[in-house]
Structure formats: C-alpha cells, structure tokens
Amino acid sequence: MRKRSTPSTSVKERVHTIGILTSGGDCPGLNAVIRAVTRGVAREGVEVFGILEGFKGMVENRYIRLTPSETSGLLTVGGTILRTSRIKPNKFPTPNGGVRDMTGAAVETYRRLNLDCLVCLGGGGTQKSAYHLMKEGRLNVITLPKTIDNDVYGTDVCFGFDTGMSIAAEAIDRLHTTASSHHRVMLVDVMGNKAGWLALAAGVASGADVILIPEIPYSLDVVAQSLLDRMRHGKMFSIVAVAEGARPRSNARRSQKDGRSQGTGKGTTAAGGLALTKEPLSVILAAHLEKVTGLETRVTSLGHLQRGGIPTPTDRILCTAFGTKAAELILTRQFGNMVAKRGEEFVAVPLKDVVGKKRLVPLDHPLIKAARATGVCLGDVWEST
Ligand code: F6P
C-alpha cells in the first residue's frame, strides 16, 4: 500500500486518490459522469478507484482502477460499469435476514485505498448514506444527483431524468396511434416514486389527455367526466398518464401519513371510492373508466424500460458538466457538497441542506400551468381564472 508521508501544507492539500461509486437504481448517464470525473481529476495526476456495487463494495473492499483510457466510449453507454445496489453501509444485510452497521468496514476501505475523497452518484438514499459516512466516518465526500425521478432536493434537475422522460414520451406517442385506431382509453404507468416530474413532463410532451401525479390527489369522478367530455367532442380515445405515486383524493391523507406510495406494479393498496384491493392502481382505475365511458381500456406499464439504454444528448451534456464541476470541487477540496444545477450554473450545495428532503412538483410550476392551459385534466377540480 502506498504510504502518505507527513506533507508540507501545499503537498498535503493536493488530492492524490479518489473513489467513485454509483448507488440506488441505475439510470442512463451514470457512465458519462464517471467518465467526466475520471478525466477531470486524472489531468491533475489523481488516481481513481471505481468502487463496485455502491456502498456494498465499500464495505466489502471491492473496486477496480479507472484511468481516462478506460472511460473511452462510456459517454453513450447506459447503466453503470461499476454496477449498483441499494445497500446502505449502516444497514448492511446479514445472511439471517437482519441488518448490521458496517460503517466501520466502509471507512476501512477508504483508509486502505488512501482515498482523499469518495464521490457518490445517486438519488435521495445515496445522499443520505454519503452524509452518514461524512458525519460518522469522517470521510470526505462529494455527491451528484442522479435519478429519473428528478426529485433530489437542492438542484433544478437530476441527470437521467431527460432520458427517462424521453422514453416515456415516446411510448405515449406510440400509444396515441393505437388508442385512436381502436377507440380505446390507454392508461400508462410512469415511474417517479413519490414525485410527479416524470409523468407530468412526459405527459405534456406527448399530449396526454389526463395526467395524474402524487402532488395533486385526483378525483375519480373528475377523471371520468373529462373522458366523457372528450367523447362529446368526438374524441373517442384518451391517454391517461399515471405517475407511480399518484393517489385518489380520499386516500391522500392516509398515504401521506404512512408514507406509502400508491405505486404501480408493487401490489400496493388502492382505494378512493373503490373497493380496497391489492391490484395496481392503474388497473382499478382502468376498470372504472371502462365502465363509465363504455370504451375499451388498456394498461401499459413502462417500468424499468424508462431506465434502460443510451442517455439522450441533453443528459450526456448535463452529465459531462456535472462531472466536470465535481472534478473541480475535488481538486479544490470543497468536500461535503452535492453538485447542483441552478439556472445555467453548476454549484456546490452543502450536503446537510440536501439530505432528508424531496423535490416535489410545486403546484404553481409552469408545467402544471401549461398542462391546464392546454386542456389537460390533472384529476382535480380547477377553475380557470
Ligand atoms: O428511483 C428510480 C426508480 O426507478 C423509481 O422511479 C422507482 O420507484 C424505483 O426506482 C424502482 O426501483 P427498483 O429498480 O428497485 O425496482
């Protein structure tokens, strides 16, 4: 192992070695960030270790060496070459199904590799784990906001969102032609966890007729009425984009309280004037809308398709800029920060201001106004001014 001598101030301030990991659900653009960070710091002679499978690899001391040439061709590659996991260092799964605090083992890997900083790419959970290692393990960390859900607090946008949104929008475009050919109602399940960014943006981009998001609990009657109104105007098909966390009005308070999502495909319980059942929400909704409109109804679940494949050019640019800013923060030892995009700028936001918060869609967001103004039903009773 390379020994670090007791350096003079200037030598001591130089960063020699960093680790980088990807944690949580994957998304297109992770490799583009890995590439930008590696290239950005390697120019200054910094050695880079890629930690495998997120914090699991930190605990288990598993890593690879990354050089600029090894990041060649990564810009357009989806997924993550480092692989990922949702494992937290302080709640590490044990063989008997329990969890154990393995913070010490993660710190040990950091020390063994002689790291000056651990760069963590991930969503809300990752920010939390990185903050934990910073506070409890006294590690230098820098984080970047990744998620198709676009819900990391403190940044205007997360990388991966544009790609997930584009995939969902293209899918809804395709559903339009088949819906109109068959005179059907098409419900589309869109991911997004407890935030509606993905469904809202994809729905607006592809002209969905109804968009249901967690931030606006919906009324079944309002949704049904909007489809009947369309039929009265000769529109014999409709597209309903349903966000994973969308929930009916009567159920909103309870699901907010117990923190449960009315998510799709996870067997969660849905109500809202309908019988309690383990069916995914969109399936129940579809059955009801079919009864009310008399139109055949189908459900499409986009699921993990939204996280697959190559990042869009917009995400590739964003990831390269995010990674470049992270490299700048590393080289200038501005640790304990998340890289955020604010307007046109990439800035450092203290990690303590990010953790434990979620960025939901504000009810006065321009996209909500635009949806309403163009006649989209958001499932609530809304009076235009
Ligand atoms: O956070 C990204 C996301 O795709 C969410 O939209 C979704 O709720 C969740 O991850 C799915 O998780 P998993 O990949 O573990 O099924």
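In listed order, ligands and their atoms are each counted from 1. The first residue in the sequence is number 1, and the count goes up from there.
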ask   = Between E244 and ligand 1, which part of the residue brings a heavy atom under 4.0 Å of the ligand: side chain, backbone, both or neither?
value = side chain
ask   = Where do H233 and D229 come nearest, in terms of heavy atoms and distance?
value = ND1-O, 2.9 Å
ask   = Is NZ or CZ of R86 both nearer than 6.0 Å to the six-membered ring centre of F55 and within 45° of the ring axis?
value = no
inquiry  = So, 4.0 Å and heavy atoms of G192: is ligand 1 close enough to count as a contact?
reply    = yes
key: Option with minimal heavy-atom separation from atom 2 (C) of ligand 1, where the choices are D149, L198, D26   = D149
task = Could you tell me which atoms of ligand 1, counted from 1 in the order shown, lie closer than 4.0 angstrom to a heavy atom of H304?
result = 13 (P), 14 (O), 16 (O)
remark   = In terms of heavy-atom contacts, T297 and L289 come closest through OG1-C, 4.4 Å
ask   = Under 3.5 Å between some N or O of ligand 1 and some N or O of I148?
value = no
request  = Compare M191, Q306, R86 and give the one whose heavy atom is closest to atom 10 (O) of ligand 1.
outcome  = R86
inquiry  = Could you report the tightest heavy-atom contact between L144 and V119, atom names first, then the distance?
reply    = CD1-CG1, 3.6 Å
inquiry  = One thing to verify: whether R333 and E13 come together as a salt bridge, which I'm taking to mean a side-chain N less than 4.0 angstrom from a carboxylate O.
reply    = no
